[in-house]
Amino acid sequence: MSVYASMKSIASYVPSRCVPNKFFTSFLETSDEWIVQRTGINTRYFAPSHLKSSDLGVEAAKLAIKRANLSSSDIDIILCASISPDFFGMPSTACIIASKLGMKDIPAFDITAACSGFVYCLSMAKSYIESGAYNNVLVVGAEKISSILDFTDRSTCVLFGDGAGACVIGQGDKVGIKDVHISSNGDFSHLLYTPKSNNMPNNFQSDISILDGIIEEKETENQFLRMKGNEVFKVAVRTISKDAKYMLQKHNILPNELDYFVPHQANLRIIQAIANSLELPDEKIVLTVQKYGNTSAASIPMALDFAYTHGMFKNRDLLLLDAFGAGFTWGSALVYADFAD
């Protein structure tokens with residue numbers, strides 16, 4: 001008997017502080033109209049200083065586990081995607097989430113695929129379930145992007161928000177995650193990157209390097225997210241449109257046979273350009289960028305949960321997920337809404 005991977009639940013969490021566009025007008029040369037026109041974003045949420053990405057991820061994970069009618073002890077492995085991990089390099093945010101959930105002696109690790117991280121995790125979760133390696137995989141996208149933003153850079157700081165999304169991938173008797181395609185091209189890495197971790201103390205001003213026995217102080221490289229927006233925009237639209245069409249053609253699915261398109265919520269203009277390329281009507285597009293901004297790896301699960309909690313999905317609705325992120329990385333997934341009522 002075949003075993004199929006199925007998305008058993010979806011959940012999300014956002015911190016309490018809602019930040020409208022007018023927040024930025026007090027210290028940047030910008031306006032609500034300027035931000036909305038170029039991005040479609042009205043608000044985003046920022047976490048307080050005492051919360052980390054793992055804290056946001058834990059809240060989403062708890063709800064995802066509950067909605068799957070499981071307990072923490074039923075989870076066999078945790079996959080976490082984040083561009084704003086609790087620590088630089090180690091330990092993984094997934095391990096911290098596991099600890100905070102009281103889970104011990106299970107595998108837990110992070111995926112570094114930027115805004116495509118959730119789709120990358122789905123690819124791995126599908127393989128784990130269908131190979132019989134695990135019964136229940138917890139996938140978390142958790143971001144405190146406010147911790148890596150340069151609030152003097154108008155081109156980036158207005159775009160992003162904090163939040164987390166999570167789902168449980170388990171066994172099903174029908175095809176649940178129909179297919180996932182992921183890819184990358186590192187030639188574009190210079191267009192979107194974070195030079196260093198932003199988890200050093202705020203008063204840390206210099207590195208000390210030892211060269212040939214000489215201690216030398218040098219100025220630290222800027223630690224905040226950097227992006228060449230126009231170049232990213234062009235590549236993103238072209239790449240995501242091509243990848244979405246590839247996935248549909250591979251499975252002989254016409255765009256009008258999709259129930260919903262759930263793209264990475266980076267920028268309204270990017271989403272509209274891709275939707276136009278696929279000839280998808282507005283009513284089939286899940287949009288949350290206006291409410292949450294770009295939450296990177298948390299973007300797609302947060303959008304899924306928004307649609308779910310607002311009663312948009314029916315059981316077995318066919319969804320096309322599509323993401324694009326730094327690397328560059330990208331990915332598409334055809335998923336049935338098995339988590340819907």
Side-chain angles (χ1 to χ4, degrees), residues 1-14 54-81 93-109 111 117-142 163-178 180 259-260 262 286 297-319 321 333-341:
M1 181 177 176
S2 298
V3 175
Y4 301 105
S6 175
M7 190 178 293
K8 296 296 187 181
S9 66
I10 190 71
S12 67
Y13 176 80
V14 292
S54 63
D55 295 307
L56 308 184
V58 163
E59 295 304 317
K62 286 178 180 177
L63 185 55
I65 294 169
K66 179 180 179 180
R67 286 178 174 173
N69 295 314
L70 299 174
S71 65
S72 295
S73 61
D74 296 313
I75 300 300
D76 300 307
I77 183 172
I78 299 177
L79 309 178
C80 179
T93 302
C95 281
I96 298 170
I97 290 172
S99 174
K100 290 178 178 179
L101 290 172
M103 300 178 185
K104 295 179 174 60
D105 198 25
I106 66 168
F109 59 92
I111 298 295
F118 181 77
V119 176
Y120 268 58
C121 287
L122 286 186
S123 178
M124 298 187 68
K126 174 179 167 64
S127 297
Y128 280 141
I129 295 296
E130 294 181 352
S131 69
Y134 300 111
N135 294 320
N136 295 299
V137 180
L138 176 63
V139 174
V140 182
C167 68
V168 174
I169 308 298
Q171 297 179 352
D173 55 6
K174 298 179 181 178
V175 174
I177 300 176
K178 187 175 181 68
V180 185
D259 292 295
Y260 286 98
V262 189
V286 177
S299 165
I300 287 180
M302 287 174 65
L304 285 169
D305 185 52
F306 178 86
Y308 166 69
T309 55
H310 284 77
M312 294 172 62
F313 295 149
K314 303 185 303 296
N315 187 47
R316 299 297 292 176
D317 272 356
L318 181 59
L319 316 176
L321 318 182
L334 284 168
V335 177
Y336 288 99
D338 293 334
F339 52 84
D341 296 329

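None of these values were measured; they are calculated from a predicted model. Just so you know, these numbers use all the heavy atoms, side chains as well, and skip hydrogens, waters and symmetry mates.
Side-chain atoms of Lys126 come within 3.5 Å of backbone N or O of Ile177 as a donor-acceptor pair. A distance-only check finds no donor-acceptor pair linking the side chain of Asp76 to the backbone of Val137 [under 3.5 Å]. Side-chain atoms of Lys8 come within 3.5 Å of backbone atoms of Gln171 as a donor-acceptor pair (strictly under, hydrogens ignored). Panel note: side chain Ser127, backbone Ser123; a donor-acceptor pair is recorded below 3.5 Å. Checking side-chain atoms of Tyr260 against main-chain N and O of Met312 turns up a donor-acceptor pair under 3.5 Å.
Considering only heavy atoms from C-beta on, Leu101 comes within 4.5 Å of Leu138 through its side chain. Between Asp338 and Met7 the shortest side-chain heavy-atom distance does not fall below 4.5 Å. Taking the side chain as every heavy atom from C-beta outward, Ile65 and Ser9 never approach each other to under 4.5 Å.
If you take CE on Met103 and CG on Asp74, they are separated by 9.0 Å, rounding to the nearest 0.5 Å. To the nearest 0.5 Å, the span separating CG on Asn135 from CD1 on Ile129 amounts to 6.5 Å. If you take CG on Leu79 and SG on Cys167, they are separated by 9.0 Å, rounding to the nearest 0.5 Å. Ile111 contributes atom CD1, which lies 12.0 Å from atom OG1 of Thr93 (distance to the nearest 0.5 angstrom).
For the residue pair Ala340 and Asn315, the shortest heavy atom distance occurs at CB-N, 3.7 Å. For Asp305 against Ser12, the heavy-atom pair with the smallest separation is OD2-OG, 2.6 Å. When all heavy atoms of Ala11 and Ala60 are compared, the pair lying nearest together is CB-O, 3.4 Å. Here the closest non-hydrogen pair linking Tyr13 and Leu56 is CE2-CD2, 3.7 Å. Nearest heavy atom pair, residue Phe118 against residue Ala81, reads N-CB, 4.0 Å. Ala303 approaches Val262 most closely through the heavy-atom pair CB-CG1, 3.9 Å.
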Give the C-alpha distance, both sets of side-chain angles, the deciding distance and a yes or no for side-chain contact (heavy atoms from CB on, under 4.5 Å) between Leu304 and Leu321.
CA-CA 9 Å; Leu304 285 169; Leu321 318 182; 4.0 Å; yes
Determine whether Tyr336 and Leu319 satisfy the following criterion, side-chain contact (heavy atoms from CB on, under 4.5 Å), listing intermediate values before the conclusion.
CA-CA 6 Å; Tyr336 288 99; Leu319 316 176; over 6 Å; no
Does Asn136 form a side-chain contact (heavy atoms from CB on, under 4.5 Å) with Ile75? I'd like the steps, not just the answer.
CA-CA 5 Å; Asn136 295 299; Ile75 300 300; 4.3 Å; yes
Applying side-chain contact (heavy atoms from CB on, under 4.5 Å) to Ile77 and Phe109, what does each step give before you reach the verdict?
CA-CA 9 Å; Ile77 183 172; Phe109 59 92; 3.9 Å; yes
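The stretch residues 94-104 participates, sequence neighbours left out, in these salt bridge (charged side-chain N to carboxylate O under 4.0 Å, His left out) pairs: Asp55-Lys100.
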